Amino acid sequence: MVRVHLPDGATREIAPASTAADLAASISPSLAKRMVAAAIDGQVRDLSTPLPDGATVELIGRDDPRALELIRHDLAHVLAEAVQSLWPGTKTAIGPAIEHGFYYDFERDTPFTPEDLPVIEQRMREIIAARTPFTCEEWSRDDARAHFHAAGETYKLALLDAIPEGEPVKIYRQGEWLDLCRGPHMRTTGDAGTAFRLTRVAGAYWRGDSNNPMLSRIYGVAFADKATLDAHMTMMAEAEKRDHRRLGREMNLFHFEEVAPGSVFWHPKGWRLFQTLIGYMRDRQEQAGYVEVNSPDIMDRTLWETSGHWQNYRANMFLAETVDDREYALKPMNCPGHMLIYGQGTKSYRDLPLKLAEFGKVHRYEPSGALHGLLRVRSFTQDDAHIYCTPDQLTEECLKVNDLVLSIYRDFGFEDVRIKLSTRPENRIGSDESWDRSEAALREALDRAGHPYTIFEGEGAFYGPKLEYVLRDAIGRDWQCGTLQVDFNLPERFGTTYVAPSGEKLAPVMLHRALFGSLERFTGILIEHHAGHLPLWLAPVQAVVATVTGAADDWAAEVARTLKAAGLRVETDLRNEKIGYKVREHALAKIPVQIALGGREAEERTVTIRRRGATDTTTLSLEDAVQLLMSEAMAPAAAPNEQVSHEGMTE
RNA sequence: GCCGGUUUAGCUCAGCUGGUAGAGCGUCUGAUUUGUAAUCAGGGGGUCGGGGGUUCGAGUCCCUCAACCGGCACCA
């Protein structure tokens, strides 16, 4: 007999070679009916898996969260069978479960179109209704190779060859159809259920490499039950409503033109928001000891050769040639310009850390397919800064930047920030030793801050490793906002030095950092985060003063004048329209505060306030209203513990 | 950049198998002076994304370029 442990601590004896399904049946037939997989020593496996002696076994029902991945993976197989039965000769590549659903990659002469999806979905539902059992078979490599060769499944052959020697070659079969697959799967195609939808067709490179052929990918979403699926579809529809591209047009914030793909035309209201963000950041940086500078947009090729951009980044640069045959480039980064500013005059160790900030607009020729509203553009404004410090100060400065960026995100309501640490890439400049030091400094700062992070090997910038601060958009896409990069290379390339206490000239270490990252992107994320309902301190128009009748026009003018004098962003609406009409319009425009003025208010010198989202109103004196709104409209205060540090003395 | 899709009025969209364009909202004009999510009436507005082709005739079919959308790749 074999002994297995159940999650409740009980131990059961079963016959040798018994499977998880046998175990379930031995407990109760009704339980056996409901179970779709088993966690054996924590690993999710098929019910048909024989149980080893001493294993801990937990049976998994279809509504267990761990079954969701199985549902999605099963559906990927069902999708592939459906496609191959509809279009014999279609080749299959890979088909995993992913967040919210699944996909399968195919190669086919005529690509899929959106019209194919309902047809495929219908066939999938037939396969599911048939409740065909999934069975797992172990094949020899030769048999598998022969089979997939005969079937013309070239991608499966490649996948087969990628399985390490010594590992079993597993085949999952559902009726006539079979697939090379690691598993696990549930009992039958019927377990996959019907709470799924095919959502889109897309191109995808084989093995994710753009040198490889492009396959046709079909995506689906899937959940354990229809209610969850419906909830997901509703959420996607809601997310679409808060898409910043749509809100930007509706709220008259910005637009794009064909003549400048990837570059923003900011409208008055959008630009006001943009400038509010810059003003906020300027204050925060000043408190943190930064000094603001400005460097040229167009600089000669030789500068970019010195910095290494010409050799490493030219494909992404806008180039400019003049009538006298000089080659210039629009700056894709501010750092080389800041190197030249640093280089003016001799710097002492007493000057360090020196923090040069610039709200510089950079231009990068991004691939056309990458452009995406404000979130991925070809010209954007960075809240950029370069911190020059001694090697001793490095970790401390990284830590300060980390604290500052997280504090700033908190002011905007972003509490859940993910941090990525990207290490040295293939294409890079500088010695391995300086890369070692840079990567170590970032790691140490993060460890000291105690913030979790994920390491991305080989994804650093060509001149140094980087931290990326990632925020998520309305429909779950991740966007890098802030960044912190350590750089030993640029100071060396530019021959930049400071005078050490010993009198020796040494190379400073340099940090590149941007906290919003791109003002454009951050604005887009903010719009989505708030669904356009920007908090009072950010709203381009904070209040609209609307009259009920023409008799209140004079009072409205006085109220507006008073609010503006108090620094509030106010518009007036004296139009000959009903108040209900005005209220509706300004509510749709997402104005935070509406102030309605009729004969009564004019008489009593009061204002009636209606808040965004509310249906009730409050009447109070103008003086009280000014006090109230002013206090609410203030930018979040900087944390008091972030003081100007010692180097403030040198100014 | 790659695969697929889309592009008709300011916005959202309709226009069957080719026979020289429509709706709602907005805009404008007039009337209405109005109390918290749409007052009524009338009038303008489009070289159907650009270019080329097929045809007696193209918004509609074909080619091409561009932008946009969804993915993939890229993202210093």
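Below, chain A is the first sequence line, B the second, and so on; all start at residue 1. Quick caveat, the model's predicted, so the values are computed rather than measured.
Annotation: side-chain hydrogen bond (donor to acceptor under 3.5 Å, both in side chains) contacts involving residues 589-604 of chain A, sequence neighbours excluded, comprise A:Glu601-A:Thr608.
If you take CG of A:Asn427 and P of B:rC74, they are 14 Å apart, rounded to a whole angstrom. Between A:Leu215 atom CG and B:rG4 atom P the separation is 13 Å, expressed in whole Å.
A:Met124 pairs by the side-chain contact (heavy atoms from CB on, under 4.5 Å) definition with A:Leu75, A:Val78, A:Leu79, A:Ala82, A:Phe102, A:Ile120, A:Phe196, A:Leu198, not counting sequence neighbours. Legend: residues meeting side-chain contact (heavy atoms from CB on, under 4.5 Å) with A:Ser438, ordered by chain and number and at least two apart, are A:Pro465, A:Val486, A:Phe488. Residues satisfying the side-chain contact (heavy atoms from CB on, under 4.5 Å) test with A:Glu433, not counting sequence neighbours, are A:Ser431, A:Arg437. Residues satisfying the side chain to side chain donor-acceptor pair (under 3.5 Å) test with A:His244, not counting sequence neighbours, are A:Glu528. A:Asp554 meets the side chain to side chain donor-acceptor pair (under 3.5 Å) test with no other residue; sequence neighbours excluded. For A:Asn252, there are no side chain to side chain donor-acceptor pair (under 3.5 Å) partners two or more places apart in sequence or in a different chain. Every residue meeting the side-chain contact (heavy atoms from CB on, under 4.5 Å) condition with A:Thr113, not counting sequence neighbours, appears here in chain and number order: A:Glu115, A:Asp116.
For B:rG35, its base sits under 3.5 Å from the side chain of A:Glu601 at one donor and acceptor pair at least. Side-chain atoms of A:Tyr103 stay outside donor-acceptor range of the base of B:rG71, with no qualifying N/O pair under 3.5 Å. On a pure distance criterion of 3.5 Å, no polar donor-acceptor pair joins the side chain of A:Arg207 and the base of B:rA73. Between the side chain of A:Arg200 and the base of B:rC69, no donor-acceptor pair of N or O atoms lies under 3.5 Å.
Taking every side-chain heavy atom of A:Pro111 into account, B:rC3 is the closest of B:rC3, B:rC74, B:rA73.
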Pairing string of RNA chain B (Watson-Crick or G-U wobble, both atom distances under 3.5 Å; | = paired to other strand) is (((((((..((((.....[..))))..((((.......))))......(((((..]....))))))))))))....
Take nucleotides 38-48 of chain B nucleotide by nucleotide from the 5' end and write B, S or -, depending on whether a protein heavy atom sits under 4.0 Å from the base, only from the sugar-phosphate, or from neither. BB---------
Across nucleotides 9-14 of chain B, 5' to 3', mark each nucleotide with B, S or - according to how protein heavy atoms within less than 4.0 Å reach it. --SS--
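Judged by the 6.0 Å distance and 45° axis criteria, A:Arg217 is not positioned over the aromatic ring of A:Phe112.
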I'd like a list of close polar pairs between nucleotides 65-68 of chain B and the protein, N/O only, cut-off under 3.5 Å.
| unit_1 | atom_1 | unit_2 | atom_2 | d |
| --- | --- | --- | --- | --- |
| B:rA66 | O2' | A:Glu258 | OE1 | 3.3 |

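Counting non-hydrogen atoms under 4.0 angstrom, A:Arg217 reaches the backbone sugars and phosphates but no base.
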